[in-house]
Amino acid sequence: MQVKQIVLSGIMEYSKSTKPQLIKEIQRLNDFIQSNRQKADILHKKLIAEADAIFLNSVEGIFITDSRKKIIRVNPGFCHITGYTEEEVLGKTPSIFKSNRHDKKFYGQIYESLENNGSWQGEIWNRRKNGEIYPQWLSIIALVDKNCADKEFLAIFNDITNLINKNENIQSNAQHDSLTGLPNRLLLHDRLEFTLNLARRNKRVVAVLLLDIMRFKMINDTLGYTAGDALLQILGSRLSSSIRDVDTVFRSGDDEFAIILDDVSEPEAVSKVAKRIIETCSLPFTIANRELYATVSIGISIFPSDAEGHEGLLKNAEDAMIRAKELGINNYQHYKPAMNNRAVEQLTLENDIRKALMKEEFIVYYQPQVDLKTNEIVGIEALIRWKHPKLGMISPGEFIPIAEENGLIIPIGEWVLRTACSQTEQWRKQYKKGLTISVNLSARQFLQQDIVNTVRTILDETGLAPKYLELEITESLGMKNPELTLRTLKELKQMGIHISIDDFGTGYSSLSYLKKFPIDTLKIDRSFVSDIKTDLNDTAIVLAIIALAHSMHLKVIAEGVETIEQAEFLSLHDCEEMQGYLFSPPIPAMEFAKLLEKQIQTQ
Ligand code: C2E
Ligand code: CA
Ligand code: CA
């Protein structure tokens, strides 16, 4: 009811209204419009001023083109990034910035997006005035003026060189070893796969070399990580400079490097590279005014003969490297397939073994036995090697069983005994050191030959006093023929020779025999030593062997000691001596002499 009245009174008022009133009303309306226009003008000017400030002060480069893509305005940011002045670009089209990194299709997509969506945004490579190509993050907007049918284009861009570099750095850090700057294991897999793909297509031969630095842990442990790091850096650069440009060196592990040799002509060429690398690595390293020597082992596998894929190739190179390590320092080995042709190979080996003695292809390597308390070399184990003319170094694990089977172990064993005794006597005289030589005797030698006489003759010939000779036999020997064993051992013992039980813990020993046999030393097998710190069973076995030995007044020596932790554990539990890669692998006589000299100098 009330609303109706108001409306009605309004209508009545309007009908009663006079002309002056109407003019007044129009005047009021006009004032309102004028004042708003001023406000709009002020707002407009403000906006333009703000846009100008942004345009002039922005670090981004900004330019505007007309509908024909001709540049009509640029900001100082543009000049700073591109190197062009405004005059130099006005009237030109953005094609003057082209880097030639993108194809027609790329630019076509930009125009299409501007046409359909009125904008485009993305990464683009452009060229500065000085010719340098750089990446930009570019946004383009089509500006449509209501009064003007033509479009203008506003382009805003950043120079993202730093961003990209940073990204690449992050990526590169993940794929490179920060110490040596060499590509790492991750990249090794990628690169090898890539190289093999090309090699397959072009029927090329590729070789992979894995190089392990022996005793690196000892360098780290005794001289500190800084010395270890310096050694790795120098070694890395020596390796890089001993290969061709097309080849690549990687740091594939803590103390391991890998090398890909692309397009090799023949396995002999790879052997040559391996030899060269070994030579370079054996030059002294001067670190913190000290001369250090590094020794390396190299395993080689070749595509496509040893494996077709990159994983198989790396695995085989590793197998070969392990063999090289077993054969002593500064050694390289080609991968040998896992003997599915074993029988054929054995046959030829058997024939070869017969000739090897005459042809003087056997060598004795020497591995130091070290006093765990003083770290001094107190003994040596003689370990045979066979330098086969075709197959390279062959480890005793491969030919001793054959020689045992065919009886050749008897002359071979005699030769080892003579060589080792004569060498030791020479060192003893030269260095005036009470060294003991341990020689392995196989069951056949012990049971079939008149071993007592052979030993006596050899000691006479070489002049070595019997107390410096230790013969290593295995537990199983005593079980084969206990009476003969006991008799022989007693005779040897009477001569003053020492007896040790090798690989103790792996065979079946009868403690009652053990008690009867006149033995001096127990050698803890390396299978127990290797897991001493991780496998509680092995820890218990090692402790039990030490306790057993000591209760029988026997000396204990641990084999296969590879880490400082193992050595510390053994020393803590009163094991007397150790033998293993931690101190030194088996090495040729010349190198062993150097080791002795070094030790004498530091005493
Ligand atoms: P073994 O008598 O038990 O010799 C110790 C083996 O352990 C050696 O292998 C030695 O190179 C290796 N070794 C030493 N320290 C380490 C280490 O820290 N880690 C690892 N993983 N291995 C280590 P090698 O020289 O290959 O000899 C193998 C076996 O061949 C010998 O085992 C021995 O039974 C036999 N053998 C070697 N030379 C002769 C010999 O002149 N006559 C006889 N009858 N047998 C021999
Ligand atoms: Ca042995
Ligand atoms: Ca052993």
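First listed ligand is number 1; within each ligand, the first listed atom is number 1.
- One distance of note links OG1 of T521 with CD1 of I499; it measures 9.5 Å at 0.5 Å rounding.
- Side-chain rings of Y366 and W427 approach one another, their centers coming within less than 6.0 Å.
- Contact between E381 and ligand 1 is present, with at least one heavy atom of the residue lying under 4.0 Å from the ligand.
- D177 and T180 are linked by a side-chain donor-acceptor pair at a separation below 3.5 angstrom, with hydrogens and angles left out of the test.
- The heavy atom nearest to atom 43 (C) of ligand 1, out of those in L417, N440, V439, is found in N440.
- The closest approach between R385 and ligand 1 falls below 4.0 Å for a heavy atom of the residue.
- For the side chain to side chain contact (heavy atoms under 4.5 Å, CB included) test with D531, the passing option among L536, D538, N537 is D538; the others fail.
- Counting only N and O atoms by type, the side chains of H550 and E576 include a donor and acceptor under 3.5 Å apart.
- Residue contacts with ligand 1 for S442 involve both N, CA, C or O and side-chain atoms from C-beta outward (heavy atoms, distance under 4.0 Å).
- Here the N, O or S atom of D502 that is nearest to the Ca ion (ligand 3) is OD1.
- Counting heavy atoms under 4.0 Å from ligand 1, residue E559 touches it through the side chain alone.
- Those atoms of ligand 1 that come under 4.0 Å of a heavy atom in V416, given as number and element, are 41 (O).
- Within a 4.0 Å radius of atom 32 (O) of ligand 1, the protein has no heavy atom.
- Closest to atom 10 (C) of ligand 1 among all protein heavy atoms lies L383 CD1, 3.9 Å.
- Counting heavy atoms under 4.0 Å from ligand 1, residue V561 touches it through the backbone alone.
- Using a 3.5 Å distance cut-off with no hydrogens or angles, the side chains of Q369 and Q579 do pair a donor with an acceptor.
- Considering just the N/O/S atoms of E472, the one nearest the Ca ion (ligand 2) carries the name OE1.
- Distances from the Ca ion (ligand 2) to each N, O or S atom of E381 single out OE2 as the nearest.
- At a 3.5 angstrom cut-off on N or O pairs, R526 counts as close to ligand 1.
- For the pair OD1 of D503 and OE1 of E559, the angle whose vertex sits at the Ca ion (ligand 3) is 100° to 10 degrees.
- Between the side chain of Q566 and the main chain of I532, no donor-acceptor pair closer than 3.5 Å is present.
- Across V378 and D371, no two heavy atoms sit closer than the pair CG2-N, 3.9 Å.
- At the shortest separation from atom 1 (P) of ligand 1 among protein heavy atoms lies D502 OD2, 3.9 Å.
- Atoms of ligand 1 found under 4.0 Å from any heavy atom of D503 (numbered from 1 in listed order, with element): 3 (O).
- Taking atom 20 (C) of ligand 1 as the reference point, the nearest protein heavy-atom neighbour is E562 OE2, 3.3 Å.
- Using a cut-off of 3.0 Å, one finds that N440 contributes an N/O/S atom close to the Ca ion (ligand 2).
- Residue contacts with ligand 1: P586 is included, with a non-hydrogen atom under 4.0 Å away.
- There is no side-chain donor-acceptor pair under 3.5 Å between H498 and T436.
- Look at K433 and E376 and you find a salt bridge, because one of the NZ, NE, NH1 or NH2 atoms lies within 4.0 Å of a carboxylate O, short of that distance.
- The single protein non-hydrogen atom nearest to atom 18 (O) of ligand 1 is Y581 N, 2.7 Å, given as residue, atom name and distance.
- The shortest contact between atom 35 (C) of ligand 1 and any protein heavy atom is with P396 CB, 4.2 Å.
- In this pair, W415 and F362 present their aromatic rings tilted. The plane angle is within the 30 to 60° band.
- For atom 15 (N) of ligand 1, the candidate residues are Q579, Q367, K325; the nearest heavy-atom contact is made by Q367.
- Here D525 has no heavy atoms under 4.0 Å from ligand 1, in either its backbone or its side chain.
- Comment: R418 engages E414 in a salt bridge, judged by a side-chain N to carboxylate O separation of less than 4.0 angstrom.
- For the residue pair S438 / E381, no side-chain donor-acceptor distance below 3.5 Å is found, with atom types taken as modelled.
- Both the sub-6.0 Å distance and the 45° axial angle are not jointly satisfied by R323 relative to the ring of Y335.
- Of the listed residues (L582, I384, I394), the one carrying the non-hydrogen atom nearest atom 39 (C) of ligand 1 is I384.
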